[in-house]
Amino acid sequence: MTATLLEVRDLRVAYDKVEAVSGVSLAVGEGQIVTVIGPNGAGKTTLLSAIMGVLPSTGAIVFGGRRHEHAEIEEMVAAGMNLVPEKRELFAEMTVEDNLLLGAFDRYRRGLRDQDRTLDEVYALFPRLRERRAQLSGTLSGGERQMLAVGRALMAKPRLLMLDEPSLGLAPRIVREVFRIVARLREMGVSILLIEQNARAALQVADHAYVLEMGAVTLEGPAREVARDPRVVEIYLGLGHAGAQAEQRA
Ligand SMILES: Nc1ncnc2c1ncn2[C@@H]1O[C@H](COP(=O)(O)OP(=O)(O)OP(=O)(O)O)[C@@H](O)[C@H]1O
Ligand SMILES: [Mg+2]
């Protein structure tokens with residue numbers, strides 16, 4: 001049995017009076033990839049932001065055996081959580097390498113000065129970033145920016161990496177590369193909470209899956225079983241679905 005790294009119970013998040021996440025419970029086991037799939041506006045980004053302490057919420061967030069109440073983002077980062085946000089939030093005017101080093105800043109401040117070794121590990125994972133280390137990140141391609149955002153999160157050496165739609169807007173070849181990296185990270189011992197609209201790819205790589213619709217979990221189970229659910233097949237895996245979504249968002 002895998003130990004539970006993250007447990008979220010009855011999480012609720014509201015914007016003004018409108019509830020966007022309505023009582024979500026989920027768990028991520030140590031070394032697992034857990035995916036949350038769901039349509040636009042389902043509350044996926046809101047859910048991640050609340051877990052990370054960016055948005056206020058009610059309910060319980062237990063991470064690494066400790067309950068975090070009204071946690072701020074700094075506390076969650078220090079506890080070993082890291083988020084690659086939907087809007088990658090890179091510093092366009094800074095080089096690739098400086099963006100990466102910023103990812104290690106919190107560790108550095110706590111006296112953990114192993115950023116050079118971590119940088120080498122990240123470059124080993126993304127050779128393209130090493131080649132472009134001196135390039136301003138604002139001039140990177142979409143795929144390279146995505147790699148940089150993931151690389152920067154890894155510089156914090158997180159126990160749990162949360163990815164908000166890492167495949168968004170990327171060409172199929174780059175999408176495959178991103179999912180290959182996700183699987184690789186699990187092998188390296190990083191647990192992953194993966195938000196995706198590309199349900200097919202997400203269900204293939206994940207151990208466990210949740211379907212989030214209108215702020216609530218409507219289905220959950222081992223990813224393999226969720227991928228066989230007739231409703232999921234119809235709505236999320238139907239032929240051409242990924243393409244249609246991409247067009248809708250372009
Ligand atoms: N800052 C905000 N103020 C008010 N409402 C918001 C805010 N951010 C999000 N919402 C609303 O909350 C709901 C959930 O939004 P959220 O961004 O979490 O969805 P999502 O599942 O991530 O969608 P997508 O797949 O399009 O990224 C939506 O109805 C959205 O309009
Ligand atoms: Mg979102």
Less than 4.0 angstrom from a charged side-chain N to a carboxylate O is my criterion; do [X] and [Y] meet it?
{"X": "Glu213", "Y": "Lys44", "answer": "no"}
{"X": "Glu177", "Y": "Arg180", "answer": "yes"}
{"X": "Glu7", "Y": "Arg9", "answer": "yes"}

Is there a continuous path of hydrophobic side-chain contacts, each under 4.5 Å between heavy atoms, that joins [X] to [Y]?
{"X": "Leu101", "Y": "Phe91", "value": "no"}
{"X": "Leu193", "Y": "Leu163", "value": "no"}
{"X": "Leu168", "Y": "Leu48", "value": "no"}

Quick one: does any side-chain atom of [X] pair with a main-chain N or O of [Y] as donor and acceptor, under 3.5 Å?
{"X": "Arg200", "Y": "Leu237", "answer": "yes"}
{"X": "Glu196", "Y": "Ser167", "answer": "yes"}
{"X": "Asp114", "Y": "Arg117", "answer": "no"}
{"X": "Asp16", "Y": "Val18", "answer": "no"}

With sequence neighbours left out, what residues match Arg130 under salt bridge (Lys or Arg N to Asp or Glu O under 4.0 Å)?
->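 Expected list: Asp120.
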Write down the atom of [X], the atom of [Y], and the distance for their closest heavy-atom approach.
{"X": "Ile51", "Y": "Ile61", "result": "CA-CD1, 3.9 Å"}
{"X": "Val28", "Y": "Ser191", "result": "CG1-CB, 4.2 Å"}
{"X": "Ala134", "Y": "Thr95", "result": "O-CG2, 3.5 Å"}
{"X": "Leu136", "Y": "Ala92", "result": "CB-O, 3.7 Å"}
{"X": "Asp164", "Y": "Pro85", "result": "CB-C, 4.1 Å"}

Test log, rule side-chain contact (heavy atoms from CB on, under 4.5 Å), inputs Tyr210 and Thr218 = CA-CA 8 Å; Tyr210 295 83; Thr218 53; over 6 Å; no
So, taking the atom named [atom1] in [X] and the one named [atom2] in [Y], what distance separates them when rounded to the nearest 0.5 Å?
{"X": "Glu220", "Y": "His208", "atom1": "CD", "atom2": "NE2", "value": "4.0 Å"}
{"X": "Glu97", "Y": "Gln135", "atom1": "CD", "atom2": "CD", "value": "13.0 Å"}
{"X": "Tyr108", "Y": "Leu102", "atom1": "OH", "atom2": "CG", "value": "12.5 Å"}
{"X": "Ser137", "Y": "Asn99", "atom1": "OG", "atom2": "CG", "value": "4.0 Å"}

Please list, one pair per line, the donor and acceptor atoms closer than 3.5 Å that link side chains of residues 29-38 to other protein atoms, with sequence neighbours excluded.
from	atom 1	to	atom 2	distance (Å)
Gln32	OE1	Gly29	N	2.8
Thr35	OG1	Leu194	O	2.9

Partner set under side-chain contact (heavy atoms from CB on, under 4.5 Å) for Glu144, not counting sequence neighbours =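 Listed in chain order: Arg128, Arg132, Leu140, Ser141.
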Got a sec, which residues hit side-chain contact (heavy atoms from CB on, under 4.5 Å) with Glu74, two or more places apart in sequence or on another chain?
->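 Glu72.
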Could you verify whether a donor N or O on one side chain and an acceptor N or O on the other, from [X] and [Y], lie under 3.5 Å apart?
{"X": "Tyr123", "Y": "Glu131", "result": "no"}
{"X": "Tyr15", "Y": "Thr46", "result": "yes"}
{"X": "Asp10", "Y": "Ser25", "result": "no"}
{"X": "Glu19", "Y": "Ser22", "result": "yes"}

Among all residues two or more places apart in sequence or in another chain, which pass the side-chain hydrogen bond (donor to acceptor under 3.5 Å, both in side chains) test with Asp207?
-> Arg186
Arg133 atom CZ, neighbour heavy-atom count above 12 within 6.0 Å = yes
Atom CZ of Arg113: over 12 foreign heavy atoms under 6.0 Å | yes
Please tabulate, one pair per line, all N/O donor-acceptor pairs under 3.5 Å involving side-chain atoms of residues 152-162, not counting sequence neighbours.
from	atom 1	to	atom 2	distance (Å)
Arg152	NH1	Glu89	O	3.0
Arg152	NH2	Arg88	O	3.1
Arg152	NH2	Glu89	O	3.0

